[in-house]
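Naming convention: chains lettered A, B, ... in sequence-line order (proteins, then strands); numbering from 1 in each chain. Side chains are part of it too, since the values below use all heavy atoms of this structure and drop only hydrogens, waters and symmetry mates.
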2 protein chains.
Amino acid sequence: MSDRRTEILKAATRVIVRRGVRGLRVEELAVEAGVSTSLIYYHFGDRAGVLRRTLEFINDRADRYTAERLPDGDPDDARGDLEQVLLLELQDLAEVRENSTAWGELRASAVFDPELREELARATHTWVHEIAELLGRADPAGTAPAHAAAAERLTALLEGLSVRWLSGSLPLEHARRLLREAIAVELAPGRPAV
Amino acid sequence: MSDRRTEILKAATRVIVRRGVRGLRVEELAVEAGVSTSLIYYHFGDRAGVLRRTLEFINDRADRYTAERLPDGDPDDARGDLEQVLLLELQDLAEVRENSTAWGELRASAVFDPELREELARATHTWVHEIAELLGRADPAGTAPAHAAAAERLTALLEGLSVRWLSGSLPLEHARRLLREAIAVELAPGRPAV
DNA sequence: AAGCCTTGACTGAAATTTCAGTTCGATGGA
DNA sequence: TCCATCGAACTGAAATTTCAGTCAAGGCTT
């Protein structure tokens with residue numbers, strides 16, 4: 001697990017967080033990982049390969065930390081669970097910052113690089129599903145399509161808030177408050193037919 | 001108006017939409033504009049100059065098309081106006097695509113480049129204000145801070161939906177529907193105290 | 001066990017490519 | 001004459017990619 005290959009992927013994550021996907025220089029990565037540039041080509045073929053694998057790596061890691069959430073909350077409190085899962089992404093912890101930054105870069109890069117889109121779509125889909133399910137538990141009266149739509153809105157909003165936070169236009173606490181309010185608004189009774 | 005300088009700026013906008021700010025190559029720009037590379041340096045000094053002027057150019061253009069919105073809708077229909085203004089940003093028109101793409105690039109770049117943040121914060125602030133005011137008209141019963149928060153949520157959501165659209169993970173019509181629903185949800189009666 | 005071969009991880013240095021930016025002589029219109 | 005423009009050849013720096021070869025571990029053969 002902690003072989004050089006993985007070290008390189010970890011280092012790549014750090015470099016991406018610092019410089020962005022498009023700012024990643026193979027040599028800077030080599031220095032960061034404490035290996036030669038050649039080793040990087042040995043393992044990943046080319047720069048694009050590094051990027052591809054790193055994005056997979058980040059995705060896996062994000063799955064893992066989303067999976068180990070929810071320290072046994074009250075099973076009745078589905079709404080609390082929902083809040084927790086979403087707010088997990090708005091925290092000033094190195095790992096969260098890394099994942100959010102990398103995720104934002106991935107999204108932004110995908111606008112210009114169709115190669116990245118498939119992986120992105122897959123991850124997004126999984127995430128939206130997960131949130132939709134939590135919404136279903138928090139609001140058993142609602143329909144599945146309504147939950148799916150709300151999940152798309154909440155995750156898209158979270159992405160929007162996240163970039164604003166990371167780009168310094170929105171203080172973390174404020175972002176968290178807006179997200180909590182959005183959940184409240186989505187779960188409010190008397191949802192209108194649109 | 002249609003001098004070469006402006007041609008170059010228009011071409012730069014197209015190139016940025018295609019390749020991103022960081023993917024803009026001076027020579028590709030020259031080809032796109034149908035001019036020599038020397039002319040670009042003659043007019044803009046260096047690549048950074050091109051970028052600076054192009055972003056100004058895009059901003060001005062965006063202001064213009066936001067200003068000429070609302071073809072005299074019914075003055076009672078504030079909610080309709082709000083919908084229109086927001087949905088303006090989710091349209092498959094070259095100009096809108098260009099502006100949204102450039103905006104997304106700006107946001108994404110600001111994560112790694114603090115220099116861009118001020119301009120960004122200013123523009124965001126203006127925009128949020130404008131939306132908050134429309135919310136105030138659509139929902140006179142609500143308080144100003146509540147409108148401000150809702151405006152932040154709606155604009156952040158719009159940014160999130162916009163990147164998903166541009167990165168090909170969300171069909172345009174679906175994005176528009178989600179946004180309309182979000183407006184409906186925000187304007188629904190019985191907003192909870194959070 | 002001694003020698004030999006293979007393989008996978010790894011390196012340093014150098015080749016190659018890619019870009020921004022420069023220079024300069026020439027051209028044609030106001 | 002001045003200005004905008006072209007074009008094509010260059011430079012220099014930065015970044016990517018290749019390559020020949022080292023090293024250590026593991027097995028196979030005799």
Side-chain angles (χ1 to χ4, degrees), chain A residues 1-58 101-102 105-106 108-116, chain B residues 1-58 101-102 105-106 108-109 111-113 115-116:
Chain A
M1 181 54 69
S2 70
D3 55 12
R4 304 273 241 172
R5 222 184 125 92
T6 311
E7 282 312 309
I8 294 172
L9 291 174
K10 285 188 197 165
T13 308
R14 294 193 298 273
V15 174
I16 287 175
V17 168
R18 200 161 58 228
R19 308 266 186 236
V21 166
R22 284 165 282 188
L24 179 141
R25 295 289 106 96
V26 177
E27 189 166 353
E28 185 179 355
L29 169 55
V31 171
E32 175 81 26
V35 304
S36 63
T37 57
S38 341
L39 185 63
I40 292 168
Y41 287 96
Y42 174 76
H43 280 303
F44 303 99
D46 58 12
R47 186 178 173 282
V50 175
L51 258 26
R52 225 184 354 262
R53 296 296 168 187
T54 305
L55 296 171
E56 272 175 33
F57 176 75
I58 291 168
T101 305
E105 267 292 284
L106 181 52
S109 304
V111 174
F112 308 103
D113 182 357
E115 239 186 276
L116 300 174
Chain B
M1 179 55 68
S2 71
D3 55 12
R4 305 282 238 178
R5 221 185 127 92
T6 311
E7 281 313 309
I8 294 172
L9 291 174
K10 285 188 198 166
T13 308
R14 293 194 298 273
V15 175
I16 287 176
V17 168
R18 201 162 57 229
R19 308 267 186 236
V21 166
R22 279 173 278 189
L24 179 141
R25 295 290 108 93
V26 177
E27 189 166 353
E28 187 180 355
L29 170 55
V31 171
E32 175 82 26
V35 303
S36 62
T37 57
S38 354
L39 187 63
I40 291 170
Y41 288 102
Y42 177 75
H43 280 303
F44 301 99
D46 59 10
R47 183 178 177 279
V50 175
L51 257 26
R52 219 182 4 258
R53 297 296 169 186
T54 305
L55 292 175
E56 271 176 33
F57 176 74
I58 291 169
T101 306
E105 268 289 284
L106 188 52
S109 305
V111 173
F112 307 101
D113 182 357
E115 245 185 85
L116 299 174

Let me know the distance between [atom1] of [X] and [atom2] of [N], rounded to the nearest Å.
| X | N | atom1 | atom2 | result |
| --- | --- | --- | --- | --- |
| Asp46(B) | dG12(D) | CG | P | 19 Å |
| Phe44(A) | dC10(C) | CZ | C1' | 14 Å |
| Glu27(B) | dT17(C) | CD | P | 16 Å |
| Arg22(A) | dC19(C) | CZ | P | 15 Å |
| Leu39(A) | dC23(D) | CG | C1' | 14 Å |
| Ile40(A) | dT16(D) | CD1 | P | 10 Å |

Handout entry: Glu56(B) atom CD: more than 12 heavy-atom contacts under 6.0 Å
Key = yes

Between [options], which one does the side chain of [X] approach most closely?
| X | options | value |
| --- | --- | --- |
| Ser36(A) | dG21(C), dG12(C), dT17(D) | dG12(C) |
| Val26(A) | dT22(C), dT16(D), dT11(C) | dT16(D) |
| Tyr41(A) | dT17(D), dC6(D), dG12(C) | dT17(D) |

Exercise for the section: Answer with base, sugar-phosphate or nothing: what part of the nucleic acid does Leu24(B) contact at a heavy-atom distance below 4.0 Å? Expected result: sugar-phosphate

Practice task
Looking at every strand, decide which applies to Gly34(B) at a 4.0 Å heavy-atom threshold: base, sugar-phosphate, or nothing.
Solution key: sugar-phosphate

Practice task
Answer yes or no: side-chain N or O of Ser38(B) and base N or O of dG21(C) forming a donor-acceptor pair under 3.5 Å.
Solution key: no

If you round to the nearest 0.5 Å, how far is [atom2] of [Y] from [atom1] of [X]?
| X | Y | atom1 | atom2 | answer |
| --- | --- | --- | --- | --- |
| Ile8(A) | Thr13(A) | CD1 | OG1 | 11.5 Å |
| Leu39(A) | Phe44(A) | CG | CZ | 8.0 Å |
| Leu55(A) | Ile16(A) | CG | CD1 | 5.5 Å |

Do the side-chain N or O atoms of [X] get closer than 4.0 angstrom to the phosphate oxygens (OP1, OP2) of [N]?
| X | N | result |
| --- | --- | --- |
| His43(A) | dG8(C) | no |
| Tyr42(A) | dC10(C) | no |
| Arg25(A) | dA15(D) | yes |
| Arg47(A) | dT18(C) | no |

Handout entry: Pair Glu7(A) + Arg4(A): basic N to acidic O under 4.0 Å
Key = no

Completion exercise
The answer to which of Thr37(B) and Arg5(B) contacts DNA chain D further toward the 5' end, by nearest nucleotide, is Arg5(B)

